[in-house]
Number of protein chains: 2
Amino acid sequence: MSNLENTQAQMRKGVLEFCILSIISKGEIYPSDIISKMKEAKLIVVEGTLYPLLTRLKNAGLLGYRWIESNAGPPRKYYALTELGQSYLQELNTTWNELVAAVNQTANINTQSHE
Amino acid sequence: MSNLENTQAQMRKGVLEFCILSIISKGEIYPSDIISKMKEAKLIVVEGTLYPLLTRLKNAGLLGYRWIESNAGPPRKYYALTELGQSYLQELNTTWNELVAAVNQTANINTQSHE
DNA sequence: TTTAGTACTATGTGTAACAAGGTACTGTTT
DNA sequence: AAACAGTACCTTGTTACACATAGTACTAAA
């Protein structure tokens with residue numbers, strides 16, 4: 001793996017949890033669809049990453065799930081945020097905004113400037 | 001360590017390399033001053049993190065350094081970007097901007113909107 | 001020559017993403 | 001009904017990297 005690819009992967013890693021919670025916050029969703037949504041946003045995540053992450057978040061009380069039957073295959077686990085998860089997500093939102101500000105300060109860049 | 005603190009730390013991890021290269025790109029600087037600059041930007045980094053990181057970047061050909069004597073203590077290693085490091089930093093810049101866009105897409109947020 | 005301050009270095013630990021492989025359920029084809 | 005294909009969920013081992021901690025080395029002042 002090249003330096004660049006590795007560093008890009010490192011950057012992605014840090015925000016996975018935040019992105020996945022954000023996606024779930026928009027409504028009940030099951031893992032395979034989360035992967036699709038992430039892919040749409042150009043954030044590749046694989047099953048071996050997602051399942052343990054969801055379990056970790058559930059055990060932390062941030063997520064809950066219920067089984068819903070599918071008409072094409074086995075039942076699916078639909079995840080949703082708990083109340084704790086919602087407030088946690090708000091804090092991550094703040095963290096993210098602060099991080100963007102901090103990084104842009106070191107880079108002296110205004111990435112989203114409008115003229 | 002709480003969930004939140006841990007996740008915040010994970011977010012930071014991903015961008016450390018980018019931030020440190022950005023800081024060095026503004027002119028020769030030695031490690032302790034890099035730590036100060038990072039602290040100014042609210043990105044705490046400690047010696048045990050910075051030194052191995054600098055060594056890794058140097059071994060990858062992205063950084064070089066020269067010894068400069070100090071009038072208060074031992075000599076200092078002043079780091080600077082190599083040409084390779086400069087083009088690498090540009091690529092990380094692109095990566096960072098794309099990441100911000102991707103995260104904001106999952107979050108449906110425009111963090112820097114001006115009215 | 002001892003002490004304090006500053007700078008650089010090394011080692012061990014823990015977290016989390018990822019690769020790879022596996023299990024289980026459902027509907028369709030033969 | 002048996003085999004197969006498609007879908008979904010889960011587990012294990014590896015690797016990278018930040019961090020805590022401790023240690024070494026150089027300089028100047030007491």
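Note on naming: letters A, B, ... go to the chains in the order of the sequence lines (proteins, then strands), and numbering restarts at 1 for each one.
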How about B:Y30 and B:Y78: are their ring centres within less than 6.0 Å of each other?
yes
Return the value, rounded to whole Å, for the distance between atom CZ of B:R56 and atom P of D:dA18.
6 Å
Sub-3.5 Å donor-acceptor pair from the side chain of A:S70 to the main-chain atoms of A:P75, do we have one?
no
Out of curiosity, does A:L50 fall in the hydrophobic cluster containing A:M38 (side-chain heavy atoms, cut-off under 4.5 Å, transitive links)?
yes
Starting from the 5' end of DNA chain D, give me the residue, B:P74 or B:E17, whose nearest nucleotide shows up first.
B:E17
Rounded to whole Å, please give me the gap between CD in B:E69 and P in C:dC8.
13 Å
Rounding to an integer number of Å, can you tell me how far A:L54 CG sits from C:dA17 C1'?
14 Å
Whole-Å distance, B:Y51 OH to D:dA20 P, equals 16 Å
Whole angstrom is fine here: how far is it from CD1 in A:I35 over to C1' in C:dC18?
12 Å
If only side-chain N and O atoms of B:R12 are considered, is one of them under 4.0 Å from the OP1 or OP2 phosphate oxygen of D:dC19?
yes
N/O donor-acceptor pair, side chain B:E47 with base C:dC8, under 3.5 angstrom
yes
Starting the side chain at C-beta, find the nucleotide from C:dT15, D:dC19, D:dC17 nearest to B:L16.
D:dC19
Rounded off to whole Å, could you give me the CG-to-C1' distance for the A:N71 and C:dT28 pair?
14 Å
Taken to the nearest whole Å, NZ/B:K13 to P/D:dC17 is 9 Å
Would you name the heavy atoms of B:S25 and B:L89 that are closest together and state the gap between them?
CB-CD2, 3.5 Å
Side chain of A:N6: nearest nucleotide among D:dA8, D:dC17, C:dA16?
D:dC17
Can you measure B:I34 atom CD1 to C:dC8 atom C1' for me and round it to whole angstrom units?
13 Å
